[in-house]
Enquirer: 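Sending over a structure as structure tokens; questions will come in a sec.
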Amino acid sequence: MKGLPEDRAIDFAHYIIETGATVRETAKQFHISKSTVHKDLQERLPLLSAPLYRRVRRVLDKNKEERHIRGGLATKQKYAARRAAKG
């Protein structure tokens with residue numbers, strides 16, 4: 001996704017708010033690096049729209065709190081797949 005960084009930041013914010021996506025999922029959806037998504041949201045968005053930034057921040061904070069749970073589930077699935085492949 002090319003375009004003005006300001007427009008990108010707003011597009012990323014709306015996507016995250018609507019879907020509850022993580023930075024990684026957003027980067028994948030827009031075919032852009034995680035670093036770019038992070039920079040646009042953390043540095044550009046607060047200057048463009050403080051209320052929108054606060055809404056995005058709430059979603060990202062929630063995702064961060066749940067990160068260890070998602071990691072545990074991924075590990076559980078990984079080992080379940082290994083057991084299924086062996087037996």
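Heavy atoms only: backbone and side chains are in, while hydrogens, waters and symmetry mates are out. The chain is numbered in sequence order, starting from 1.
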Enquirer: With a cut-off of 6.0 Å (strictly less than), are more than 12 heavy atoms of other residues, nucleotides or ligands near CZ of R55?
Expert: no
Enquirer: Nearest heavy-atom pair of A13 and V56: which atoms, and what distance?
Expert: CB-CG2, 3.3 Å
Enquirer: When you compare the side chain of K78 with that of R82, does any pair of heavy atoms fall below 4.5 Å?
Expert: yes
Enquirer: Does E25 reach the side chain of I16, with side-chain heavy atoms less than 4.5 Å apart?
Expert: no
Enquirer: Give me the atom names and distance for the closest heavy-atom approach of Y15 to T26.
Expert: CD2-OG1, 3.6 Å
Enquirer: Check whether any side-chain heavy atom of T36 sits under 4.5 Å from a side-chain heavy atom of R8, and report yes or no.
Expert: yes
Enquirer: Tell me, do I32 and D40 make a side-chain contact under 4.5 Å, heavy atoms counted?
Expert: no
Enquirer: Supply the atom-to-atom distance T22 OG1 to N63 CG, rounded to the nearest 0.5 angstrom.
Expert: 6.0 Å
Enquirer: Hey, are Y53 and Q42 close enough side-chain-wise for a donor-acceptor pair under 3.5 Å?
Expert: yes
Enquirer: So, for A9 and L48, which heavy atoms are closest and what is the spacing to 0.1 Å?
Expert: CB-CD1, 4.2 Å
Enquirer: What pair of heavy atoms forms the shortest contact from G20 to V59, and how long is it?
Expert: CA-CG1, 3.8 Å
Enquirer: Looking only at non-hydrogen atoms, find the nearest pair between F12 and L41 and report the distance.
Expert: CB-CD2, 3.9 Å
